[in-house]
Amino acid sequence: MLPIDVHAAQNVTLTDELRRDAELQAVHADLMGVDPSGERFSAVLRDTIDQLLNGETTGRYAWESLYKTERTHAGTLVEINLQREFKFADGDAMDYRIAGIEVDCKYSQSFGGWMIPPEARGHLCLLVWANDSESRWSAGLFRVREEWLNQGSNRDAKMTVKARHRDKILWLWRDAELPENTLLHMDPSDRAAVFAQHSGQQRLNELFRRAQKRRISRNVVRTVAQQKDYMKRVRGNGGARSALKPEGILIMGDYDSHRAVAEQLGILPPREGEFVSVRVAKYGPHHRNARFVTLDGEAWVVAAPSDPSDIAPSLPSHTK
């Protein structure tokens, strides 16, 4: 069980009900034990939203572009994908069994909009919220009690948590960072310029040219390329790395050697399944005190707008 001082460190005020609920505490401890940073959980949410958008086929990148039936299906996909990631056992009455305890899973894209069915009364619910526009997500545990709920008025008699009783939710992660949907958050003019290109290769070249120093996921690459061989369109030998090299632009992937280059340059390193592009220039007297990396036997820095376009150096060999 997680000690109380850890909760305090997370700025969570525990009510007496939360302190006394041994099952809630046990499930909380189990989930924090398998994913203390929330990185795995957030990756599931990112992947689930991307799965719904299906950008490779549809070209969509915004939640609002989903059909109503697709948005309704989101909760089921979150439930399934979390179980696949964390290998939760099937519950008898509820969705999962975590730490030997029955737990239902409820997702809402609207914070506080979790729809709790009558059969969940008395059980624990894993309440999940994610908002792609805000790049935020939360997940917490809630003991379903009649007096803490707004009574349902729909056909299924599903209920929601009363706003004043949201303090009964024991948060695992609250307002955590959701991996960015780069296309959604790009400057609209830059996004339009990307999609104005006629071929998948040209669109990817424009994406890496315009979305520099930002993490670009493989799903974004798929959405822009809309081709089965999308990864080929990023690499050298005719891909974006080759096309942008004369402009001094490097495209780093999720290799340890590439991450090291990004870190030495002082920019965000790509995570698993991500890319980061940046224009570099040869180190000169006006770059004094700038962070640099040595590639092809020369020192390189992040280029300033006034720097000329040097041909980019080769990245280190691919090693994980």
For this session: Evaluate whether atom CZ of R20 has more than 12 neighbouring non-hydrogen atoms of other residues, nucleotides or ligands under 6.0 angstrom away.
Result: yes
Exercise. Counting heavy atoms not belonging to K232, are there more than 12 under 6.0 Å from its NZ?
Worked result: no
Problem set entry | Test log, rule side chain to side chain contact (heavy atoms under 4.5 Å, CB included), inputs S217 and R222 | CA-CA 9 Å; S217 70; R222 282 197 297 264; over 6 Å; no
So which atom in [X] and which in [Y] form the shortest heavy-atom distance, rounded to 0.1 Å?
| X | Y | result |
| --- | --- | --- |
| A26 | A99 | O-CB, 4.1 Å |
| L53 | S65 | CD2-OG, 4.0 Å |
| C125 | I116 | SG-CG2, 4.3 Å |
| A290 | V301 | CB-CG1, 4.1 Å |

Residue list, salt bridge (Lys or Arg N to Asp or Glu O under 4.0 Å) with [X], at least two apart or on another chain:
| X | result |
| --- | --- |
| E177 | none |
| K282 | E298 |
| R279 | none |

Below 3.5 Å, can you tabulate the donor-acceptor pairs from side chains in residues 31-40 to any protein atom, sequence neighbours excluded?
{"residue": "D35", "atom": "OD1", "partner": "G38", "partner atom": "N", "Å": "3.3"}
{"residue": "D35", "atom": "OD1", "partner": "E39", "partner atom": "N", "Å": "3.2"}
{"residue": "D35", "atom": "OD1", "partner": "R40", "partner atom": "N", "Å": "3.2"}
{"residue": "D35", "atom": "OD2", "partner": "R40", "partner atom": "N", "Å": "3.4"}
{"residue": "D35", "atom": "OD2", "partner": "F41", "partner atom": "N", "Å": "2.9"}
{"residue": "S37", "atom": "OG", "partner": "E39", "partner atom": "N", "Å": "3.2"}
{"residue": "R40", "atom": "NE", "partner": "E85", "partner atom": "OE2", "Å": "2.8"}
{"residue": "R40", "atom": "NH1", "partner": "V34", "partner atom": "O", "Å": "3.0"}
{"residue": "R40", "atom": "NH2", "partner": "E85", "partner atom": "O", "Å": "3.0"}
{"residue": "R40", "atom": "NH2", "partner": "E85", "partner atom": "OE2", "Å": "3.2"}

Can a donor-acceptor pair be found, under 3.5 Å and without considering hydrogens, that links the side chain of [X] to the backbone of [Y]?
| X | Y | result |
| --- | --- | --- |
| Q25 | L18 | yes |
| D254 | G273 | yes |
| R235 | R241 | no |
| H185 | D132 | yes |
| R259 | P270 | yes |
| W114 | V128 | yes |
| R203 | V224 | yes |

Exercise. Between F195 and Y61, what is the ring plane arrangement, given parallel below 30°, perpendicular above 60°, and tilted in between?
Worked result: parallel
Problem set entry | Counterpart residues, side-chain hydrogen bond (donor to acceptor under 3.5 Å, both in side chains), relative to S133 (two or more places apart) | none
By the salt bridge (Lys or Arg N to Asp or Glu O under 4.0 Å) test, which pairs, at least two apart or in different chains, include something from [range]?
| range | value |
| --- | --- |
| residues 101-119 | R97-E102, D104-K106 |
| residues 206-216 | E180-R214, D190-R210, E206-R209, E206-R210, R209-E247, R215-E274 |
| residues 133-144 | D21-R143, E23-R143 |
| residues 57-67 | R60-E70 |

Reported [atom1]-to-[atom2] distance for the pair [X] and [Y], which is rounded to 0.5 angstrom:
| X | Y | atom1 | atom2 | result |
| --- | --- | --- | --- | --- |
| I251 | Q212 | CD1 | CD | 9.5 Å |
| I101 | I98 | CD1 | CD1 | 9.0 Å |
| F111 | W137 | CZ | CH2 | 12.5 Å |
| R291 | Q264 | CZ | CD | 8.5 Å |
| Y96 | F86 | OH | CZ | 9.5 Å |
| Q83 | C105 | CD | SG | 9.5 Å |

For a 4.5 angstrom cut-off between non-hydrogen side-chain atoms, does [X] reach [Y]?
| X | Y | answer |
| --- | --- | --- |
| W63 | N181 | no |
| S277 | L244 | no |
| L149 | F142 | yes |
| I49 | L178 | yes |
| I216 | F208 | yes |
| L141 | L126 | yes |
| S42 | P179 | yes |
| L127 | I169 | yes |

Problem set entry | Set of ring-ring contact (aromatic ring centres under 6.0 Å, His included) partners for F292, sequence neighbours left out | Y283
Honestly curious: do [X] and [Y] fall in one hydrophobic cluster under the side-chain, below-4.5 Å linking rule?
| X | Y | answer |
| --- | --- | --- |
| M94 | M159 | no |
| L268 | L250 | no |
| W171 | V144 | yes |

Exercise. Taking W300 as the fixed residue, which of V293, V261, V278 is the one that meets the side-chain contact (heavy atoms from CB on, under 4.5 Å) rule?
Worked result: V293
Exercise. Can Y255 and L315 be said to form a side chain to side chain contact (heavy atoms under 4.5 Å, CB included), step by step?
Worked result: CA-CA 11 Å; Y255 305 103; L315 285 164; over 6 Å; no
Exercise. Would Y107 and E79 count as a side chain to side chain contact (heavy atoms under 4.5 Å, CB included) if you check the C-alpha gap in whole Å, the side-chain angles of each, and the deciding distance to 0.1 Å?
Worked result: CA-CA 8 Å; Y107 168 81; E79 172 195 326; over 6 Å; no
Exercise. Hydrophobic cluster mates of I311, side-chain heavy atoms under 4.5 angstrom, ILVMFWY only, any path?
Worked result: none
Exercise. Will you find, in the side chains of R233 and Q227, an N or O donor that is under 3.5 Å from an N or O acceptor?
Worked result: yes
For this session: I would like to know whether Q201 and N205 meet side chain to side chain donor-acceptor pair (under 3.5 Å); could you show each step before the answer?
Result: CA-CA 6 Å; Q201 185 63 70; N205 294 349; 2.9 Å; yes
For this session: Would you sort out whether V194 and M186 count as a side chain to side chain contact (heavy atoms under 4.5 Å, CB included), showing the intermediate values?
Result: CA-CA 10 Å; V194 170; M186 282 179 72; 4.1 Å; yes
Problem set entry | With sequence neighbours excluded, residues passing side-chain contact (heavy atoms from CB on, under 4.5 Å) with T48 | V44, L77, V78, N81
